[in-house]
Amino acid sequence: MLVLAIDTATLAVTAGVVSVDRETGAARPLAERVTLDARAHGELLTPHVLDAVGDAGHGLADLDAIACGVGPGPYTGLRAGMVTAAALSHSLGVPAYPVCTLDAIAASAEPGEPFRVLTDARRREVYWADYDAEGRRLDGPHVDKPAELTPAARVLDHEQPTPLGIVEAAKAAILSGAQPDPLTPLYLRRPDATEPGTRKRVSTS
Amino acid sequence: MSRIVMGIESSCDETGVGLVRLHDDGTVELLADEVASSVEQHARFGGVVPEVASRAHLEAMVPTAQRAFATAGLELSDVDAIAVTAGPGLAGALLVGVSAAKAYAAALGVPLYGVNHLAGHIAVDTLQHGPLPAPALALLVSGGHTQLLRVDDIAGKITEIGSTVDDAAGEAYDKVARLLELPYPGGPPIDKAAKNGDPTAIAFPRGMTGPRDARFDFSFSGLKTAVARWVEAAQRRGEEIPVDDVAASFQEAVADVLTAKAVRAATESGIGTLVISGGVAANSRLSSLAAERCEAAGIELRVPRPRLCTDNGAMIAALGAHVVAAGCAPSSLDFSANPALPVSTVSL
Ligand SMILES: [Zn+2]
């Protein structure tokens with residue numbers, strides 16, 4: 001089956017097409033388009049999707065499923081990826097599966113020791129989650145100052161997920177054929193907004 | 001053969017999806033107008049919080065589109081073109097609508113038009129009152145805009161004649177409402193209170209009406225301050241605030257300046273049609289005073305019904321239909337939203 005991978009939770013605008021064998025679950029990346037520019041999520045994502053699908057020798061109508069990173073991500077562009085996945089799902093009639101972006105990064109980890117995935121949360125903070133040696137998430141995702149974290153045995157320094165990683169992280173759900181979970185963003189932070197206090201007087205006297 | 005145009009709006013705190021039918025004779029028929037508003041989430045902040053609005057747009061976009069198609073009894077495959085608000089508006093909010101529109105256009109294989117939100121407020125009038133005579137004058141008044149526009153061609157040529165130099169008219173309503181301890185947004189409660197008040201009770205200033213002021217620009221910051229000073233002085237004297245009279249006198253000042261300048265601009269340019277649109281267009285005193293003054297000046301006044309005046313997807317679909325009918329080239333799929341899109345750019 002043909003799965004479209006999308007993520008805009010990092011500064012990358014990521015789109016790719018991955019073929020997944022329904023029987024064995026083997027996943028193979030066919031084409032991808034990635035641009036590192038946090039301001040270009042809204043501009044480039046759909047063109048990247050079309051180009052990646054075209055490079056894979058297909059059209060959008062051939063897609064069987066979508067896997068979409070839902071953060072955590074510090075950029076307003078996180079929503080560009082998610083709404084693109086939701087609108088494609090609606091108009092193509094295919095399911096869209098949410099993926100924690102840190103899990104998608106973790107899916108590319110070399111086997112070995114337990115590890116931590118860190119991404120830039122801006123404002124001098126990081127998003128992080130801890131995984132066991134098999135890549136199962138044990139803790140997180142959280143947002144914290146780096147100095148507040150306990151040391152980790154191994155830290156993955158990938159700054160963004162690959163299309164293959166995104167699909168790997170969604171693969172169990174995709175192959176189960178189950179109804180996808182809703183595409184709910186992992187914001188981890190509340191919006192910056194303060195309720196007005198008492199009004200300032202304008203009179204000087 | 002008629003064509004179906006889908007319109008997507010997300011420039012501020014309303015997620016809107018509209019569907020219209022563009023007939024061969026150029027008339028545009030409204031089929032669906034679904035809106036999800038986040039206004040209640042902003043109430044406790046006393047104004048629109050961009051991040052809160054953006055989060056709400058993401059949640060509401062596809063469900064609102066689904067409702068629009070269900071209401072119209074149409075399938076997605078019936079759509080012939082998509083229009084989306086490219087600006088002006090809040091950057092993060094615009095991004096959600098623009099991204100969704102690109103995905104819909106790519107999936108459906110139809111042309112996409114990034115269009116101007118302000119022009120949409122004018123185009124929406126054609127859904128109710130039919131083709132707009134050219135030239136026409138438009139007065140846009142809402143929480144975000146206060147503009148006088150000359151419309152030579154709704155699909156291509158719109159020129160700004162004047163705008164506010166500080167607060168938008170609707171913003172002044174919100175601030176005065178807060179001062180009078182009335183709820184947000186301020187327009188409806190002030191309008192309601194004003195009905196029981198005396199509009200001549202307090203002589204609030206008419207901003208930008210001096211001999212040396214720009215003739216078609218507006219200013220509401222001084223008026224807001226004048227109301228605040230008056231209320232504070234009354235409080236200092238230990239008097240109870242006559243909320244109804246303050247609301248009526250404030251509203252009179254706003255309606256007076258807006259209609260006087262709009263009618264003068266139309267008269268001086270020999271324009272015979274005035275459209276008033278935007279959220280504040282629903283204000284009862286603004287529309288009654290405009291009707292009175294337009295009639296005296298021999299100007300046709302067109303005010304879309306309140307539901308069409310506030311931000312919605314139907315206005316963007318209507319504008320999209322006019323842009324399609326005019327044969328304009330579609331936008332490239334890599335365009336970006338422009339929070340400061342000038343009104344002279346009707347479509348990208
Ligand atoms: Zn508006």
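Protein chains get the first letters and strands the later ones, always in sequence-line order, with residue 1 at the start of each. These numbers were taken from a predicted model, which means no experiment stands behind them.
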Ring center gap for A:F115 and A:Y131 short of 6.0 angstrom: yes

Donor + acceptor pair across side chains of B:T64, B:E34 (<3.5 Å): no

Engaged part of B:A337 at the chain A interface, taking heavy atoms whose separation is under 4.5 Å: neither

Chain A contact via B:Q66 - side chain, backbone, both or neither, heavy atoms under 4.5 Å: both

Pair A:T35, A:H48: side-chain N/O donor-acceptor within cut-off below 3.5 Å: yes

Donor-acceptor side-chain pairing of B:T345 and B:N116 below 3.5 angstrom: no

Under 3.5 Å side-chain donor-acceptor pair for A:R122 and A:Y127: no

Lys/Arg-Asp/Glu bridge criterion (N-O < 4.0 Å) met for A:R33, A:D55: yes

Proximal component of A:L88, with respect to chain B [non-hydrogen, under 4.5 Å]: both

A:T46 portion near chain B, given a 4.5 angstrom heavy-atom threshold: side chain

A:P182, part contacting chain B, at a heavy-atom distance under 4.5 Å: neither

Residue, of B:S332, B:A106, B:S54, B:A100, that accumulates the most heavy atom pairs under 4.5 Å with chain A: B:S54

Atom group of B:L333 that falls short of 4.5 Å from chain A, counting heavy atoms: both

